[in-house]
Structure formats: structure tokens, C-alpha cells
A.B. asks: 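Structure in C-alpha cells, see below.
Numbered from 1 within each chain, the chains take letters A, B, ... in sequence-line order.
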Amino acid sequence: MDILSILIMLAKILIIMFGVLVLGAAIAVFAERRVSAFIQERVGPNRVGPQGIIQPFADVVKLMMKEDIVPRQANRFIHDLAPIISISIALSTFAIIPFGNTIELFGRQIKLMIADVDIGILYLLALTSIGVYGVSLAGWSSNNKYSLLGGLRSSAQLISYELSMGLSLIGVIMISGTLRLDQTVLQQTAYWWGIIPKWNIFLQPLGFITFMIASFAETNRLPFDLPEAEPELVGGYHTEYTGMKFGLFFLAEYANVITSSAVTVTLFFGGWHLPFAEQWGLSPLMLSLVQIFAFFAKVILLVLFFIIVRWTIPRFRYDQLMRIGWKVMLPMAIANFLLTGLVILGLQWFGVMK
Amino acid sequence: MDSQDKIIRKKDLSLLQKMYIPEILKGLRMTIRQMFKPTFTSQYPEERFKPESSFRGRPVLVAENGVERCVACGLCARVCPALAIEVQASETELEKERYPIKFEINMVRCIFCGFCEEVCPEEAIVMSNEYLLAFSSQQEALFGKEKLLKSTEELKDRLEYLRNHR
């Protein structure tokens, strides 16, 4: 590790953390408000800056200047800790996402991902399960029945959906034979018969649907936003939070949306792979830039999908949520990986695949 | 016993509906189509809504050639259900012989019912199309003659409407 590589690492971390996640979350908040307005035939925020694009930053400034209120009976330490857990988990999950191919800069190979870890997907699953603590501790430490219920619901929901999320990924892992996400992406850059890109969504449609539904539940987005169900639980786990501590939860939610979109893109939509871009005859650096752009375009499309789904579907009841989680999603995920395993075994039997 | 006690059983969902995802796609198609529909919001401080002539805005006094039509008969003050109008009559050399030396409408009290307009025998008080009535004090809401007088040209639409519909 010399100085330059440390600097490159720092640059990557700063760009991803502030450029993609914090800025991206702010823009996602703005997009959510504008898109929901368009769906409801409204205009949405359009006053601050051109077309209202600076609105989320104005909101952040407002939240910063607000008074920080802690309930009298609350456990102050945990009350402060919970949003920090939420935001740090949300920011650190992006570390394993490869957002571009390896590029050559300053005469050295730079992998366009922050943490090049062997366990890849497992790191992601582990961190998202720590994310439960942020929500449930926030609910518990507020000393408020509604917050507590929100926190409890959230932990029950996340635990049940984590299971089907993990199981739905096993199919992808079996196909790619590795946990490293950069390898998973590289395998998706090939083509069938020279036309169809070998994206995992074509091989694992069932796994994709399961993963998508589970990631909606993981990010606490509507159909599954029971932890903060306003009509029943006031504000859910963040009822007792004010100012920037509330803002951190808000930011974490949108950072999570961006991260889970990025994970979906990486695992199922070929990551940074833009079909046929490598045949355009661009220089390697230009090609990498195009691919980075393609990756973020895919992520933005998925975030928009998240937003549109939120304004389409009503919330599930709690028993429906649990029934779907345990009686539909889990069997579906298990069936998916059994089926994938059988097909792989069969292909190996006939010698098509090694 | 009779038809009231019968259990109404809804149709069961079909298999495709139970699978849920096709129905979600239908809903998504609906919302996405909705996104591209035009909005009807007007950008208020820049764009002002111009009411039709049938609109009952704040009541004003009609001024013909710079002199109010009002003869200070006091019918409007009498009919006003919110007691918002105060008239004091005086004599004048003009043909109409009487005129209001003081004509005051308390805009905080006014309920825009339009009775004053209806009762007026001279068509001297009409409802205008002005609706921007925000005050920061009670004193500000007392509209005297200088604020109430408006020329016939300005009120042409309303006067025409009244002539056609009365």
C-alpha cells in the first residue's frame, strides 16, 4: 500500500459516499415527491431552484436547524445511537458493488469497487441484518408504545424476509459459482447466440421476483412499510425523532433504496454491462466511462420503479405480510434454488456444463 | 328469514388474481399512464385565476362619470345579514339629490352573500371579481368610499351579467 493507492481508495470512498449515496438519496427524495405528484396529477415541489431541484437541500438545512427533542424517559444513549446505526449500515452496504469494469489509470489497475472482498454477497446480507438494530433500537429507546410497535414489526418483518432474500440469491450464486460480485458481473457480459446478453434475470426469473419483493420489504418501502404505517402507528419507529436525527433515518431509507437497486442491477441486470458497447470500438477508458454511466442509468431506472410501486400498491395488513413472507416467498425461494440445483446437476450429467 | 339475512358471498379470486403479480402490473400501467397526464395546477402568485362574471368577489360601489350611483337609501345596510355595511346619507346638488357621505363595508364581516347587490334599486353596489382580501389588522379591513368606488368600465362584465340574469 503506497500513498497513491490509499489516495485512490479515499477518492473512491468519498465519491461513493457523498456523490452517490448522500447526494443520490437527496435526489431520490426529490424524485419521489415529483413522481408522486405527477401520478396524482399535481406539480410537486418546484419553487426552490430550477424545477425545485434544490428542495431536498433546503429540507436538510431546515432539519439541521430544528431542535433535537429527546423524550424524558427515553434511553438517551441508544436514542442517539439508533439513527447512526441506520445511516452507517445504509452507507457501507454500497462498498461491495462494482460500479464499473477494472480501469487503467496512472499506470495501474483500479477496480471500480470500494471493498474487494471474497465473501461479497454474504457481506451484504450480514450488513442488512444489522440494519434491523437501527430501527428496532429506535423503537425501543423512544419509550413510546407506537414507536415500540413499529420497531417490533420492523424486526419481525426484516427477519422473515431476510430468509427468502438470502435463499433467492442462492440460485444466482450457484450459477456464477462465486460470491464475488465483480466475478458475477463478468460472467453476465457473455452472450447467447451472440444476441441475448447472459444476464441472470433470464436464467433466474423466479429468483428475481422473490429477491425484488424481499428487497421491497428490506427497505421498508410501501407495500411493506408497516414499521411506519402512519394511520396505525403515528410515525412508527421514528415518531419521537426530530431534526437531523429524523433526517438520518430518512436519508438511510433512500440510501437503502439506492443500494438495493444497485444490488439488483449487479446480480440480475448485468451490473455495468451495456450490451454490445464493447463492439463500438471505443478506447478502454471511454468504454469504462460508458459502462459506469450504464450502471447508474440502470440504478436510476430501478429507483424510479421503487417509487412508482410505492404510489401504486396499498399497504399489506400485518398477517398478510407474514403469510406472504412465510407461506409464499420462502417456498418460492426454496423451489427456485432446488430447481436451479437440479438443472445444473442435469447439465453436468450430460457434460454441457463443468 | 327473508332476503335481508342472506349472506352475500363475493366471487372468489381467480388463480391469476391470486398470483398477485399480474394485478400489480395492471396497477403499475395505470400509475405510469397517469404520470403523463396534464396537471391543472396554476402557479398561484405568478398566474392569477380570472373569475367569471358570475363570481361574487368583494362588493364595490359603481361610479358613473366619477360619481357614485348610490343614493344612500340604506337598503343594503338593512339587508346585510352580517351587518357589515354602514351608510350615512347627505344631500347633494346633483339630480339624485342624496348621496352617501360615508359608506363603509367591514370586509372582515362581509360574507359575500350578494344580498346588497340584489336589493339595490340603483344598481349602485355590485359584487366585483376581486378575491385577494388578506388583512393584517382590523382597521385595514374597513373599506371606505375611496376603496369601494369602481368605474362602470371596470365592472362592465358584472353589470352585463346582472342585466342578462335578473
A.B. asks: Counting heavy atoms not belonging to B:F55, are there more than 12 under 6.0 Å from its CZ?
C.D. replies: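 Yes, the 6.0 Å shell around CZ holds more than 12 heavy atoms from other groups.
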A.B. asks: Given a strict heavy-atom distance threshold of 4.5 Å, which part of B:Q43 is in contact with chain A: side chain, backbone, both, or neither?
C.D. replies: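 Both parts, heavy atoms under 4.5 Å.
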A.B. asks: Within a radius of less than 6.0 Å around CZ of A:R47, do more than 12 heavy atoms belonging to other residues, nucleotides or ligands occur?
C.D. replies: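 For A:R47, atom CZ is crowded (more than 12 foreign heavy atoms under 6.0 Å).
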A.B. asks: Counting only heavy atoms not in B:E47, do more than 12 sit closer than 6.0 Å to its CD atom?
C.D. replies: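 Correct, the count exceeds 12.
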A.B. asks: Give, for atom CE of B:M30 and atom CD1 of A:I39, the distance between the pair rounded to the nearest 0.5 Å.
C.D. replies: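 If we round to the nearest 0.5 Å, B:M30:CE and A:I39:CD1 are 10.0 Å apart.
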A.B. asks: For A:I209, is it the side chain, the backbone, both, or neither that has a heavy atom closer than 4.5 Å to a heavy atom of chain B?
C.D. replies: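 Just its side chain gets close to chain B.
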A.B. asks: Of the listed residues (B:I32, B:I24, B:T31), which shares the most heavy-atom pairs with chain A below a 4.5 Å separation?
C.D. replies: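 Most heavy-atom pairs within the cutoff with chain A belong to B:T31.
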A.B. asks: Any side-chain heavy atom of B:M35 sitting closer than 4.5 Å to one from A:V35?
C.D. replies: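 Side-chain contact under 4.5 Å: yes.
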A.B. asks: Are there over 12 heavy-atom neighbours, none belonging to A:F202, within less than 6.0 Å of that residue's CZ?
C.D. replies: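 Yes.
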A.B. asks: Quick check: are there more than 12 heavy atoms from other residues, nucleotides or ligands sitting under 6.0 Å from CD of B:E46?
C.D. replies: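 Yes, CD of B:E46 has more than 12 neighbouring heavy atoms, counting only those of other groups under 6.0 Å.
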A.B. asks: If I measure from the heavy atoms of chain B, does A:I313 come under 4.5 Å with its side chain, its backbone, both, or neither?
C.D. replies: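 Answer is side chain: those atoms of A:I313 sit under 4.5 Å from chain B.
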